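Reminder, nothing fancy here: chain letters follow the sequence lines and each chain counts from 1. Predicted model only: the values in this text are computed from it and were never measured.
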Number of protein chains: 2
Amino acid sequence: MVASSAAPVPAGATIYSVAEAAGVSIATVSRVVQGSAAVSERTRDKVLAAIQHLDYTPHAAARSLAVRQHEALGLVLPELDGPYFSELLMGFEEAAAEDGLSVLLSLADHDRTLSVERFTRLAAGVDGIAVLGGIVPDEALRRTARTKPLLVVAGAQTPGVDRLTAENVTSSTELTAHLLDDHGRSRPVFVGDPDIAPDVRERHVGFVRALEARGVEAGEPVRVGLREADGVVAVERLLADGLPTDALVCANDEIALAVTDRLAAAGHRVPDDLAVTGWDDIMAARYVRPGLTTVQQPVRELGALVARRLHARVSGLATEPSAVLATRVVRRGSCGCPEPGRDAGPR
Amino acid sequence: MVASSAAPVPAGATIYSVAEAAGVSIATVSRVVQGSAAVSERTRDKVLAAIQHLDYTPHAAARSLAVRQHEALGLVLPELDGPYFSELLMGFEEAAAEDGLSVLLSLADHDRTLSVERFTRLAAGVDGIAVLGGIVPDEALRRTARTKPLLVVAGAQTPGVDRLTAENVTSSTELTAHLLDDHGRSRPVFVGDPDIAPDVRERHVGFVRALEARGVEAGEPVRVGLREADGVVAVERLLADGLPTDALVCANDEIALAVTDRLAAAGHRVPDDLAVTGWDDIMAARYVRPGLTTVQQPVRELGALVARRLHARVSGLATEPSAVLATRVVRRGSCGCPEPGRDAGPR
DNA sequence: TTGTAGGCGTTATCAG
DNA sequence: CTGATAACGCCTACAA
């Protein structure tokens, strides 16, 4: 076999070839394609036939150039590990599609970084762009924000840059308070690096706030990344310190899950010996025993909102410079709350 | 507050404004931007300064039009639920970025369908396009495959359309045989709808093949979708039938997980009463107890390979019309194999 | 209702 | 080494 593929791509029909085939001017072809001005039924049919026959599709770039619009939105995300970013992307893509806009996606490297060059290139091909917080330098953000609609998602408040995010501080305080007040924990430790991402920072702030309000001293957070492996690392470190805690507030579910597992391997039970909480409410959080207490965010809605706001701005409409979506603490077994049996089931 | 955002976007510098500011012709500006022909150091500096000052970035569409290349690849995927598609996307995006190509993404609806219009629009703005199997009608695929590089991923073999996929049939046979031969199961049932997606169909084929080779009759599969909720539905149906089975081979991990949970709720233990297997090896598969026996695919590599092949084709190189990547059966507790303790840990 | 022609921002050829 | 000047494919007044 191996009829290796490399078909001498047929040159692709243009508005000219269609016009010629239909015996009309390119203006007329354009009209029927756009459905803009009135065209006599007869000519319309001729044109349509030609289009069909030649399998004509307007060249996107040429159109963009002419209408002075890319008709596309850009989105910059970190690696798509958890379901969080996927959800965000889905919400974004769906909303964009509804508005007839394409989505140009750029993913950051492992170190949650996108080069300014790549960012600039991306921005050069879209009408508006959304960037997850902490991936692109503020400087670059501000610069392109001056030339086209730009939104930071789940990022830090930055002067001159609009922002959309889910609530973090308050929910984190609530979660921590729950551990302290309802489950009698007294030495909670935050697992995650506040400097790694704006939202982690906010979660840490909320955590500290809850402790301070109760006169409890907040120790240093265990500074680790956001992936499973980091959860293991965190536990090793904690173990080395003699595990000086009775509750672990983790920056996300991946870490929390790995932490729980590693803890179990070391003979420590959750929630009896230690309470553990996560963030994001990923699928595994519901299937694991005990269920993982975590915080659920309206991620998909956030993504959709971002796209719609961008679209509005592109259309010249004014929008609020920022918005914060509400989240919800989901109490399951890992914090010490009673499990509602095995009916975790799908949401 | 509420300094509502709607900055009167500055017109954006063009090659003309830069040329004027630098006191040179646009040709020269283009040269320094492209780094193509030789330019005297002095003029280069002048131009660079102007570019810097005006914050100039070439207009992507204009460039595309001129170079007759979109410098972008398109990707069509279903909804991004599990980690499978995210991984695929990451591999694809990373490889594309390495080749300096943008990624245009289109996601199908809930019913795993993308309108031909949207598909065509997407295709109109890229140099090459990859489509997950079963989302776009073959007819449409063949049509655009005639005009530009097109690859079907994890789809069915279709004449005239190149294809890249992970192996399904053989792994499924191996998995099923394992249940039969090593764990003495005798009435396995397939959970999933072979008609829903090409790869599900192949997994079913492999399943049936294993049974037939042993003279066991393969009953009707439990035809359900690929999401968690579908797993629950499947169990309800099975229960209604008196649960006439001792092993459930599920089309993917989401289903398998939900199935296990629902089974437990009904008082049936896995793997003692029933063995359960999945497909994909998602994260939750490792954290659940018993661990989920499943099949791991080199998804990320698949995504990368797709992008690279597309790039090759765009560059006029010939490539094999198809390729099948190897997969691996991962035996954990849910099939009856002994669990290796609690060291599931990150991969 | 239909055609002509100018413009969108770059690239690239061809003279100087 | 640099500058005119055609494309590139499409849209859209403006005319007819």
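Contacts of B:Val24 with the nucleic acid, taken as non-hydrogen atoms under 4.0 Å apart, involve only primed sugar atoms and P, OP1 or OP2. Within the 4.0 angstrom heavy-atom criterion, no nucleotide atom of any strand lies near A:Ser17. Nucleic acid contact for B:Thr43: sugar-phosphate only, since backbone atoms but no base atoms lie under 4.0 Å from a heavy atom of the residue.
One interatomic measurement links the two molecules: CD of A:Gln69 to P of C:dG9, which rounds to 13 Å at whole-angstrom precision. Distance CD1 (B:Ile15) to P (C:dC8): 14 Å, rounded to an integer number of Å. In this entry the distance linking CD1 of B:Ile51 with P of C:dG9 reads 16 Å, nearest Å. B:Ile26 places its CD1 atom 12 Å from the P atom of C:dA12, with the value rounded to the nearest Å. Atom CD in A:Glu41 sits roughly 11 Å away from atom P in C:dT2 (whole-Å rounding). Distance CD (B:Glu20) to P (D:dA4): 13 Å, rounded to an integer number of Å.
Between D:dG9 and B:Arg68, a contact under 4.0 Å exists linking OP1 or OP2 to a side-chain N or O. A sub-4.0 Å separation between OP1 or OP2 of C:dT2 and a side-chain N or O of A:Ser40 is present. Look at A:Thr28 and you'll find a side-chain N or O under 4.0 angstrom from OP1 or OP2 of C:dG3. Taking only side-chain nitrogens and oxygens, B:Ser30 comes nearer than 4.0 Å to OP1 or OP2 of C:dT11. In terms of phosphate contacts, B:Tyr16 brings no side-chain nitrogen or oxygen within less than 4.0 Å of OP1 or OP2 of C:dT11. The side chain of A:Ser25 contributes an N or O atom lying less than 4.0 Å from OP1 or OP2 of C:dG3.
Map B:Arg44 and A:Ala62 each onto its nearest nucleotide of DNA chain D; the residue landing nearer the 5' end is B:Arg44. Mapping B:Val39 and B:Ala66 onto DNA chain D via the closest heavy atom, the residue that lands nearer the 5' end is B:Val39.
In this structure, the nucleotide among C:dT10, D:dT12, D:dT2 sitting nearest to the side chain of B:Arg31 is D:dT2. In this structure, of D:dG9, D:dT2, C:dT11, it is D:dG9 that holds the atom nearest to the side chain of A:Leu65.
Every residue meeting the side-chain hydrogen bond (donor to acceptor under 3.5 Å, both in side chains) condition with A:Ser86, not counting sequence neighbours, appears here in chain and number order: B:Ser86.
Proximity of a side-chain donor or acceptor of A:Thr158 to a complementary backbone N or O of A:Ala156 within less than 3.5 Å is detected. Between the B:Gln69 side chain and the B:Ser64 main chain, no donor and acceptor come within less than 3.5 Å of each other.
Side-chain contact between A:Glu117 and A:Thr120 is absent, with no heavy atoms from C-beta onward closer than 4.5 Å. Considering only heavy atoms from C-beta on, A:Leu150 comes within 4.5 Å of A:Val161 through its side chain.
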